[in-house]
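Below is one structure; the comments refer to it alone.
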Amino acid sequence: MVAFAASCIGLLLFLWISFGGTIPFAAQGYRFSVEFNQAVELSPQSDVRIAGVSVGKVESVNLDTRTGLSRAVIQIDSQYAPRPANTRAVLRAKSLLGETYVELTPGSENGPKMPDDGSLPQAQVADTVQLDQILSTFDPATRRAFEVWQQQDGIALTNRGEDFNAAIAQLYPFATNVESVLSVLHHDSAATTTLLHDTGQVFSAISSSPSALQGFIRNSNSVFSATAAEDVALANSIKAFPGFLVATRETIARVNTFAANTKPLIDELRPAAVQLSPALIDTAVVAPELRDVLTDIGPVTAASKAGIPAFEHFLNASVPWLARLTPYLGNFVPIFDYINTYRREIAAFFANSASTTQAVALDVSEKHALHYLRIGNPVNPEVLAVYQHRLESNRANPYMVPDGYSQLRSGLSVFASDLCTSNPQPTIGPSIPSSLAAILRRTYYTATPGGPPCKAQGSLGAATTGHVQAFPHLQPLP
């Protein structure tokens, strides 16, 4: 009996420890605290994860009376401790039913570490977005439509749970090929958008008239019945379809051969076609008058018997002039190629310039829309004062390589390596009031005030014109 009781106690103790229970007088591990603005569903023994891997547990969750935030004490497993000082935290939900856990970023392994019993700065804690906050962003009509949709789904799936599970099981082939399907839809995004828009209008028109909807269903049933009645003819068509495919394949092969032979001519005509397109669009306005001209073109046809030979003589005489003009026009090609390299930056310049003028606010007192300019100026030490030396955080680059601004999240590059300095950021002097110093430390000073590691971009000439020089050199065409 004693052995049985001891084994039961040992089994209960094992289950208690396996499910995250604590043991009195046990040694505490590496811990630090984090304050969240919304931690309603966060409870002790909740998971702490990094990149989806569990690395610890939440030991306790209490209200910090000084800040009014929820203060969570996190204990990290020994193999993952200590954590970098620039670690960031955010609350996430495992499912729609809740079950909140703490997600940590890996941080910089080579940087300073957070001390045991330390506290994660509030600037490194991301705001938590709850599901009800997402739904509250919709207007009342959209929320009502979503509610009706969920209610109708419940009615549609009543007593059909097994059928719904079977339908989900059949989604695997679609899921494996969804990337290729979406790539085709993305390639024809304009046509897909038009199809969805027109389909929505068709369904809206059908749903607005129940009688029309009933007629549509009855007619569809008639079409399917007629198709089923012609099953023999349909079977014969399917049998003849392979021969049709063989003939189509031969035709496509001949068309490909014709396209390969025609490609040089099309390439020569493409620049003229681009210039001709606006003229053809404008022709639609004068199409009625043009039709009348073509109707009354009889006298012109008679006069063309003498005019066409004269025009042919003019074209033959213009060949030397066009030959002399070709080298001069060809020198514009490198310039246009260089502009094409920076097409994203040029498009962003015009797009940002346009967006700054599109801001509108409603003036309640005047009861009319007020237009204003959106302007944002960066705030950093070198904007507020002049320094004798370039600071380590300065990433100014007047000659950015094409698409260089896409590296903004990982750190912009400078023009040359000699612009990377180690001059530290200015410190807060003793004459600054303590309240202002606290705001500056929380707002402008981070764990890495110098920013990401400074790096020099590659040769600007190699990235634009293919030359090894630091700056691009446009060369005339031979």
(request) Ignoring hydrogens and angles, tell me if any N or O in the side chain of Glu103 forms a donor-acceptor pair with the backbone of Ala51 under 3.5 Å. (result) yes

(request) Check Val34 against Ala89 and note the closest heavy-atom contact, atom names and distance. (result) CG1-CB, 4.2 Å

(request) For residues Phe471 and Phe415, establish whether the separation of their ring centroids is below 6.0 Å. (result) yes

(message) Assess, by modelled atom type and distance only, whether the side chains of Gln457 and Asn397 contain a donor and an acceptor separated by less than 3.5 Å.
(response) yes

(request) Take atom CZ of Arg343 as the centre, draw a 6.0 Å sphere, and report whether it contains more than 12 heavy atoms from other residues, nucleotides or ligands. (result) yes

(message) What's the separation between atom CG in Asn86 and atom OG in Ser108, rounded to the nearest 0.5 Å?
(response) 5.5 Å

(request) Measure the CD1-CD1 distance between Ile432 and Ile439 for me, rounded to the nearest 0.5 Å. (result) 11.5 Å

(message) What's the separation between atom OG in Ser355 and atom CZ in Arg374, rounded to the nearest 0.5 Å?
(response) 5.5 Å

(request) Output the distance between atom CZ (Arg83) and atom OG1 (Thr105), rounded to the nearest 0.5 Å. (result) 8.0 Å

Please list, one pair per line, the donor and acceptor atoms closer than 3.5 Å that link side chains of residues 404-413 to other protein atoms, with sequence neighbours excluded.
unit_1: Ser406; atom_1: OG; unit_2: Asp403; atom_2: O; d: 2.7
unit_1: Ser410; atom_1: OG; unit_2: Gln407; atom_2: O; d: 3.3

(request) Measure the shortest side-chain to side-chain distance between Phe146 and Thr142 over non-hydrogen atoms and say whether it is less than 4.5 angstrom. (result) no

(request) Check Pro106 against Pro84 and note the closest heavy-atom contact, atom names and distance. (result) O-CG, 3.4 Å

(request) Flag the pair Val55 / Arg49 as yes when at least one side-chain heavy-atom distance between them is below 4.5 Å, and no otherwise. (result) no

(message) Can you confirm whether Val102 sits close enough to Leu104 that some side-chain heavy atom of one is under 4.5 Å from a side-chain heavy atom of the other?
(response) yes

(message) Minimum heavy-atom separation for Asp47 and Lys57, please, with both atom names.
(response) OD1-NZ, 2.7 Å

(request) Determine whether the side chains of Arg31 and Gln75 contain a donor N or O and an acceptor N or O closer than 3.5 Å. (result) yes

(request) With side-chain contact (heavy atoms from CB on, under 4.5 Å) as the test, would you mind laying out the steps for Val61 and Ser43 before giving the verdict? (result) CA-CA 6 Å; Val61 180; Ser43 61; 5.9 Å; no

(message) Donor-acceptor check, side chain of Thr421 to backbone of Arg390, threshold 3.5 angstrom: yes or no?
(response) yes

(request) Evaluate the side-chain contact (heavy atoms from CB on, under 4.5 Å) criterion for residues Phe32 and Ile74: first the C-alpha distance (whole Å), next the side-chain angles of each, then the deciding distance (0.1 Å), finally the verdict. (result) CA-CA 6 Å; Phe32 61 91; Ile74 296 175; 4.3 Å; yes

(request) Look at atom CD of Gln388 and say whether more than 12 heavy atoms of other residues, nucleotides or ligands are closer to it than 6.0 Å. (result) no

(request) Answer with yes or no whether the side chains of Asn219 and Ser222 bring together a donor and an acceptor at under 3.5 Å. (result) no

(message) Would you say that more than 12 heavy atoms from the other residues, nucleotides or ligands in this model lie under 6.0 Å from the CZ of Phe349, or not?
(response) no

(request) Indicate yes or no for a side-chain donor-acceptor contact from Asn394 to the backbone of Ala396 under 3.5 Å, with no hydrogens or angles considered. (result) yes

(message) Distance check, rounded to the nearest 0.5 Å: Thr464 atom OG1 versus Asn340 atom CG?
(response) 12.0 Å

(message) Quick one, Asp116 and Pro82 - any side-chain contact, counting heavy atoms below 4.5 Å?
(response) no

(message) For residues 141-156, which residue pairs pass the salt bridge (charged side-chain N to carboxylate O under 4.0 Å, His left out) check, not counting sequence neighbours?
(response) Arg144-Glu147

(request) For residues Ala456 and Ser417, report the shortest heavy-atom separation together with the two atoms involved. (result) CB-N, 3.4 Å

(request) For the residue pair Ile76 and Val48, establish whether any side-chain heavy-atom pair is separated by less than 4.5 Å. (result) yes

(request) Quick one: closest heavy-atom pair of Ser54 and Tyr80, and the distance? (result) O-CE1, 4.0 Å

(message) side-chain contact (heavy atoms from CB on, under 4.5 Å), that's the test. Do Asp77 and Tyr30 meet it? Break it down for me.
(response) CA-CA 7 Å; Asp77 297 340; Tyr30 171 77; over 6 Å; no

(request) Please answer whether the main-chain N or O of Leu195 pairs with a side-chain N or O of His197 as donor and acceptor at a distance below 3.5 Å. (result) no

(request) Return yes when atom CD of Gln150 has more than 12 non-hydrogen atoms of other residues, nucleotides or ligands closer than 6.0 Å, and no otherwise. (result) yes

(message) Is there a side-chain contact between Met114 and Leu120 in this structure, where contact means two heavy atoms from C-beta onward sitting under 4.5 Å apart?
(response) yes

(request) May I ask you to check whether Ser393 and Gln425 show a side-chain donor-acceptor distance below 3.5 Å? (result) yes

(message) Nearest 0.5 Å, please: how far is CD in Gln469 from CG in Leu460?
(response) 11.0 Å

(message) Please check if the number of heavy atoms outside Phe4 that lie under 6.0 Å from its CZ is greater than 12.
(response) no

(request) Quick one: closest heavy-atom pair of Cys420 and Lys455, and the distance? (result) SG-N, 3.9 Å

(message) For a 4.5 angstrom cut-off between non-hydrogen side-chain atoms, does Glu382 reach Leu391?
(response) yes

(message) Applying side-chain contact (heavy atoms from CB on, under 4.5 Å) to Trp149 and Gln152, what does each step give before you reach the verdict?
(response) CA-CA 5 Å; Trp149 174 44; Gln152 295 302 318; 5.7 Å; no

(request) Please examine the side chains of Val90 and Val125, heavy atoms only from C-beta on, and report whether any two atoms are closer than 4.5 Å. (result) no

